[in-house]
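What follows is a short report on a single structure.
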Amino acid sequence: MIIVPENEIADLIDRKASFDAVESVFAAMARKDAYNFPVIREAIGYADALYGFKSGFDKAGLVLGLKSGGYWPGNMEKGLTNHQSTVILFDPDTGKVKALVGGNLLTALRTAAASSVSIKYLAPKGAKVLGMIGAGHQSAFQMRAAAEQCDFEKVIGWNYHPEGLPRLEKVANEIGLPFEPVELDQLGEQADVIITITSSFDPILMDAQVKGGTHIACMGTDTKGKQEVEAALVSRASVFTDEIAQAITIGECQHAIANGTLKQSNITELGYVINGDHKGRTSNDEITLFDGTGVGLQDLAVASTAVDLAIEKGVAIEVDF
Ligand code: NAD
């Protein structure tokens with residue numbers, strides 16, 4: 001068995017490798033070569049923790065495994081990250097454990113890669129302004145990955161906790177872009193690409209605030225009850241997702257599905273666009289919305305890449321197991 005510890009990940013896998021892994025597994029999902037197993041997520045009644053696992057099998061890439069982890073709100077006081085995750089990969093031919101991989105940084109990389117893939121395929125041509133809603137841990141990864149897909153000229157941003165905005169400014173400046181904090185009306189009016197990455201349980205961005213000719217990547221909603229944009233905005237948009245089953249239950253689509261304004265048949269998995277089986281955006285005035293719920297296969301794809309790179313670079317720790 002190979003072990004790739006959390007502290008090795010940053011030196012092994014970069015944004016490009018994460019992007020390629022996620023793009024490829026989304027394509028495999030749409031070809032029905034890869035599928036996710038049902039997600040388990042439980043409040044364990046101890047340490048206020050939410051624990052669960054996401055798993056799946058990619059028959060094309062021969063990647064089988066699971067990501068186990070969750071959210072421990074008391075971790076900050078212990079100097080640990082609140083979100084904790086570990087990926088375990090198995091040999092699909094024998095069922096033997098193949099690798100144990102630190103999953104914290106990988107989660108941020110694969111989540112940013114997902115919205116970045118959606119921007120590559122769905123952003124309006126000539127997108128110049130990136131709008132960020134959310135300024136937490138994930139936002140920095142999201143912004144950096146998005147900036148690789150379009151020639152943005154500036155970043156504008158809004159956060160529920162305004163004291164978080166300097167993080168967005170710092171990252172924007174590091175990638176050579178000016179940053180301006182704005183109100184949501186301005187954000188919806190000016191941004192060509194919008195990323196929402198918050199832990200909100202109420203809609204933040206309203207339908208009337210978005211002008212059109214916009215791509216919105218909704219990345220924060222990954223649990224029943226969470227919501228970042230008004231359901232009417234989802235219904236108005238051409239809707240894409242990583243996986244329909246998750247979108248309608250734990251993703252941003254859950255609300256428009258529940259109020260009957262969005263039909264499941266009107267949601268397209270992004271893999272179909274990647275494979276050329278769906279046209280994606282059809283006009284520059286359209287609103288496209290990617291509901292990025294976060295699937296287990298994304299975790300397995302980046303973990304498998306990290307293992308391959310660890311072997312290639314001679315830093316894989318091998319344990320007889
Ligand atoms: P974080 O705790 O670092 O940041 C949370 C963000 O949400 C901050 O910008 C904060 O100001 C904002 N926020 C908090 N309460 C809010 C409220 N009531 N209304 C509006 N905004 C509010 O978290 P993070 O690690 O950046 O993760 C952000 C979200 O992304 C979380 O909901 C997390 O579960 C989700 N996430 C999704 C995926 C995926 O694959 N889709 C992967 C990882 C994380």
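Ligands are counted one by one from 1 in listed order, and the atoms in each one are counted from 1 as well. All values derive from a computational prediction rather than experimental measurement.
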Do the side chains of [X] and [Y] get close enough for a salt bridge, i.e. N-O under 4.0 angstrom?
{"X": "K98", "Y": "D91", "answer": "no"}
{"X": "E148", "Y": "K16", "answer": "no"}
{"X": "K128", "Y": "D192", "answer": "no"}
{"X": "E252", "Y": "K226", "answer": "no"}

Decide whether the shortest distance between a heavy atom of [X] and an atom of ligand 1 is less than 4.0 Å.
{"X": "Q298", "answer": "no"}
{"X": "R110", "answer": "yes"}
{"X": "G164", "answer": "no"}

Options [options], ranked by nearest heavy atom to [atom], top entry:
{"atom": "atom 6 (C) of ligand 1", "options": "T293, D291, T198, D242", "value": "T198"}
{"atom": "atom 20 (C) of ligand 1", "options": "W158, Y160, Y71", "value": "Y160"}
{"atom": "atom 44 (C) of ligand 1", "options": "Q138, R167, H137", "value": "Q138"}
{"atom": "atom 8 (C) of ligand 1", "options": "G136, G220, S115", "value": "G136"}

Q. If you measure only the distance, is there a donor-acceptor pair under 3.5 Å linking the side chains of S116 and Q149?
A. yes
Q) Does the side chain of T293 pick up a donor-acceptor pair with the side chain of D222 at under 3.5 Å? A) no
Closest approach of any protein heavy atom to [atom], naming residue and atom:
{"atom": "atom 13 (N) of ligand 1", "answer": "S199 OG, 3.8 Å"}
{"atom": "atom 42 (C) of ligand 1", "answer": "T111 OG1, 3.2 Å"}
{"atom": "atom 32 (O) of ligand 1", "answer": "K226 NZ, 2.7 Å"}
{"atom": "atom 30 (O) of ligand 1", "answer": "I197 CD1, 3.4 Å"}
{"atom": "atom 36 (N) of ligand 1", "answer": "D222 OD2, 3.4 Å"}
{"atom": "atom 11 (O) of ligand 1", "answer": "H161 ND1, 2.7 Å"}

Q. Linking I/L/V/M/F/W/Y whenever any side-chain heavy atoms sit under 4.5 Å apart, do I257 and F290 land together?
A. no
Q. Any protein heavy atom lying closer than 4.0 Å to atom 2 (O) of ligand 1?
A. no
(Q) So if I count the atoms of ligand 1 from 1 in the order they appear, which ones are less than 4.0 Å from some heavy atom of G134? (A) 9 (O)
Q: List every atom of ligand 1 that sits less than 4.0 Å from any heavy atom of G292, numbering the atoms from 1 in the order shown and giving each element.
A: 39 (C), 41 (N)
Q.
As an exercise, state the distance from CG of L309 to CG of D11, rounded to the nearest 0.5 Å.
A. 11.5 Å
Q | Full working for salt bridge (Lys or Arg N to Asp or Glu O under 4.0 Å) between D33 and K59 | A | CA-CA 5 Å; D33 281 338; K59 212 190 319 178; 5.9 Å; no
